[in-house]
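Residue numbers begin at 1 in each chain, while the letters A, B, ... track the order of the sequences.
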Amino acid sequence: MKTDLQQALKKYYGYDQFRTGQLEILESVMQNRHTLGVLPTGTGKSVCYQLPAFMRSGQVIVVSPLLSLMEDQVKQLRAKGFKRVAALNSFLNYEDKQQVTRNLASYDLLYVSPEMLQNDYLISRLMQLEIQLFVVDEAHCISQWGKEFRTDYLRLAEVVRTLRNPPVLALTGTATPEVQTDIQHLLGDLEMEKHIYPMDRQNIAYFVQEVQDQQEKNETMLALLRKIQAPTIIYFSSRNMAESVAALIRINMPDMACAYYHGGMENEDRILIQQQFLAGQLQIICCTSAFGMGVDKEDVRLIIHYHLPNDKESFIQEVGRAGRDGKESVSVVLYSTGDWQIPVHLIEQDLPEQSSIQQLMRNLYQRVKAGMTDLPAYELILQHIPIGETQWRFLLYQMEKHDIVKGNQLQYNAQTWKDFLEQIEKLVGDRKKHKLVQLQRMKEWVYTDTCRRQILFAHFQRTVRPASGRCCDNCGDTLQDWETVPVSVQQDAAGWREQLRFLLQQ
DNA sequence: CGGTATTGTAGCGCTAGTTAAGCGAGTACCGGAAGGT
């Protein structure tokens, strides 16, 4: 088995040796066992399912959270000469989608979004295949996004059952034990062989800097940027702030190429910014949490948190984008006391108020009574009830789970609806409490006076490895003696625009 | 003291407009009709 895999690695990729964890995960996959792989580095995860796709018969289905990730993968594979690969998503027009869907058997590797897997027609076509492996890439999304933001992630368990339980491979870069259990549970309580590799990066040093107000925050940030002139990501919890601080940096540091990035931008601009950062034409990115997945840049030296993430998992993920090359890198959290308001607000915003739920159910009841059993569209709901889209999707998922909605129809039953209201109140309460506890843990980490490395990973790993260089401010380390690495910024944005256009045309 | 904060996909609908699309279709499920007992 091992020699077969090694030969295949050589044949398809030209490598002589597997990277950490790849062989172990592959052996588990090749024996058709459900597998959970947590591999910290950004590279090399895809080998774990691409190799089986090339070596064996039957299809490999890969669930991927971002269209850009799917497109990247497909483009790379096509460029390497693997033609039996496709991504099925809304980038395709109706004809191409039909073409792919009708000829699924002619692909070895098929990338899809979780939303796409809710399409009945696609499922019926998939059922006619012999699926050798069902992969969930970036599997932490199941736990992190599934419960409110992208509920279709929770419906993957049902999809796996419908497809007659093919072997499942869940892959991610960071997953705490809690998230690992969540993934297993939410994929249908699968018995999974786990291959977990430590995520405490030894070359990242942690610093927290308290500031009194925004002006001091900006000054501290600028001083840091001047000191560590190297590829930097600055995380914000607000799109507007990301934009305005990017402008501030441009004015104060005209030599450092800086841009902003967030979910409200045009797709083309987002791709462009990310490409420029990867190519070293941009040194600083001011961004929201939208930036990161699929960003595999080796030499990111500094991660600044201008605002705080909602939990330690997100923080670890964001910080983990530094120092992939193994060289010493730095995380700096800038905080002032009022900063906690933002994550609290964001947590509240994800989940509906009890009064909104009651209003909604009353509204739906009136519709049913008037003979309109069709599920109203979100836009229509919004005219009557002030409810966010995420909240609506959360409730919709719960209503389907409780048989209040079936297909596109409302099913009225007095008792069911009454029970639903009670259960949903408890669920929302528990969920908010849980998220606030996670935020509280983040807060404790900021205020701790013991080793930050120990506290950050304490609940996540049995042992925390020592830092290879500097550890953290609480261990007496400072950035005073940090060697400034001169950077050369290439001013070639126009050339990149052309290259991007060329890439998009293919 | 008041305002203000993230994350993405798909989209058979009736848009936006001195823009163009070119609507294509397999399957499961349900209710009703036909036919069997």
Distances for protein N/O vs nucleotides 3-6 of chain B N/O pairs under 3.5 angstrom?
{"from": "dA5(B)", "atom 1": "OP1", "to": "Asn240(A)", "atom 2": "ND2", "distance (Å)": "3.1"}
{"from": "dA5(B)", "atom 1": "O3'", "to": "Ser237(A)", "atom 2": "O", "distance (Å)": "3.0"}
{"from": "dA5(B)", "atom 1": "N7", "to": "His345(A)", "atom 2": "NE2", "distance (Å)": "3.2"}
{"from": "dT6(B)", "atom 1": "OP1", "to": "Arg239(A)", "atom 2": "N", "distance (Å)": "3.4"}
{"from": "dT6(B)", "atom 1": "O5'", "to": "Ser237(A)", "atom 2": "O", "distance (Å)": "3.3"}
{"from": "dT6(B)", "atom 1": "O3'", "to": "Thr288(A)", "atom 2": "OG1", "distance (Å)": "3.4"}
{"from": "dT6(B)", "atom 1": "O4", "to": "Leu346(A)", "atom 2": "O", "distance (Å)": "3.2"}
{"from": "dT6(B)", "atom 1": "O4", "to": "Asp350(A)", "atom 2": "OD1", "distance (Å)": "3.0"}
{"from": "dT6(B)", "atom 1": "O4", "to": "Asp350(A)", "atom 2": "OD2", "distance (Å)": "3.0"}

Table of protein N/O atoms under 3.5 Å from nucleotides 19-23 of chain B N/O atoms:
none

All N/O pairs under 3.5 Å across the protein-nucleotides 26-30 of chain B interface:
{"from": "dG26(B)", "atom 1": "O4'", "to": "Tyr121(A)", "atom 2": "OH", "distance (Å)": "3.2"}
{"from": "dT27(B)", "atom 1": "OP1", "to": "Gln128(A)", "atom 2": "NE2", "distance (Å)": "3.3"}

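In this structure the side chain of Asn218(A) reaches within 4.5 angstrom of the side chain of Tyr306(A), judged on heavy atoms.
Using a cutoff of 4.0 Å between basic side-chain nitrogens and carboxylate oxygens, Lys426(A) and Asp430(A) are scored as salt-bridged. Note on Lys443(A) versus Asp339(A): no salt bridge recorded, every NZ/NE/NH1/NH2 to OD/OE distance being 4.0 Å or above. In this structure, Lys435(A) pairs ionically with Glu148(A), as a charged nitrogen and a carboxylate oxygen lie closer than 4.0 Å. A salt bridge links Arg161(A) to Glu158(A): at least one charged side-chain nitrogen sits closer than 4.0 Å to a carboxylate oxygen. Of the charged side-chain nitrogens involved, at least one lies within less than 4.0 Å of a carboxylate oxygen, so that Arg155(A) and Asp152(A) count as a salt-bridged pair. Ion pair Arg324(A)/Asp296(A) flagged as a salt bridge, since at least one NZ, NE, NH1 or NH2 atom sits closer than 4.0 Å to an Asp/Glu carboxylate oxygen.
Residue Pro65(A) is in sugar-phosphate contact alone, with no base atom involved, counting any heavy-atom pair closer than 4.0 Å across all strands shown. Residue contacts for Arg393(A): at a heavy-atom cut-off of 4.0 Å it reaches a base atom on one of the strands shown. At the heavy-atom level, Ile123(A) lies nowhere under 4.0 Å from the strands shown.
Aromatic ring centres of Tyr335(A) and Tyr447(A): separated by under 6.0 Å. Residues Phe277(A) and Phe291(A) bring their aromatic ring centres within 6.0 Å.
Proximity of residues 406-413 of chain A to DNA chain B (heavy atom under 4.0 angstrom from any strand atom) is not detected for any residue.
An anti orientation is assigned to dG31(B), its glycosidic angle lying beyond 90° of 0.
Dashed line: the shortest gap from a side-chain N or O of Arg270(A) to OP1 or OP2 of dT7(B) is not under 4.0 Å. At dA10(B), one or more side-chain N or O atoms of Ser113(A) fall inside 4.0 Å of OP1 or OP2 (strictly under the cut-off).
Secondary-structure stems of DNA chain B, taken as three or more successive Watson-Crick or G-U wobble pairs (i with j, i+1 with j-1) under a 3.5 Å distance threshold, are lacking entirely.
Comparing Gln98(A) and Ser64(A) along DNA chain B, the residue whose closest nucleotide (by nearest heavy atom) sits nearer the 5' end is Ser64(A).
Using a 30° and 60° split on the angle between ring planes, Tyr111(A) and Tyr49(A) fall in the perpendicular class, above 60°.
Looking at the side chain of Tyr94(A), the nearest of the listed nucleotides dT7(B), dA10(B), dC12(B) is dC12(B).
Not a single salt bridge (Lys or Arg N to Asp or Glu O under 4.0 Å) links Glu243(A) to another residue, sequence neighbours left out.
Figure legend: Lys147(A) and Phe394(A) shown without cation-pi pairing, the cationic atom not lying both under 6.0 angstrom from the six-membered ring centre and within 45 degrees of its axis.
Taking NE2 of His307(A) as the start and CG of Leu334(A) as the end, the distance is 10.0 Å to the nearest 0.5 Å.
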